[in-house]
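Written below as structure tokens is the structure these notes are about.
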Amino acid sequence: MAKEYQDYETILAAFDLKIKKSLYSTDPANREDLEQEIKLKIFEKMPVIENMNAPGFYEFLHGANIAAETKALYALKKDGRR
């Protein structure tokens with residue numbers, strides 16, 4: 001359980017500046033509550049965050065190729081060529 005909290009603290013530290021910057025556009029009276037809500041949502045999503053895997057280089061390229069092909073087919077269909 002201690003590792004989970006350590007990971008949570010690491011993620012919060014990574015996002016802290018972004019959270020603080022985002023809160024400037026919020027009413028000062030609500031900033032503290034909103035900050036707590038954001039941190040609670042991050043904590044709730046910890047299992048998802050921990051199980052995320054970034055694609056490898058070739059997986060990324062393959063995904064980009066599929067997206068490009070899909071976009072090209074959509075453009076052809078939209079133009080009525082197919």
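Salt-bridge annotation for E37 and K41: absent, with no side-chain N of the basic residue lying under 4.0 Å from a carboxylate O of the acidic one.
When all heavy atoms are compared, the tightest approach of M46 to I11 is SD-CD1, 3.6 Å. Closest non-hydrogen pair, L40 versus Y8, comes out as N-OH, 4.4 Å. Residues L12 and K39 approach most closely at CD2-CG, 3.7 Å, considering heavy atoms.
Taken from OG1 in T26 to CG in L34, the straight-line distance is 5.0 Å, to the nearest 0.5 Å. K20 NZ to L17 CG: the interatomic distance, rounded to the nearest 0.5 Å, is 10.0 Å. Interatomic distance, OG of S22 versus CZ of R31, reported as 11.0 Å (0.5 Å rounding).
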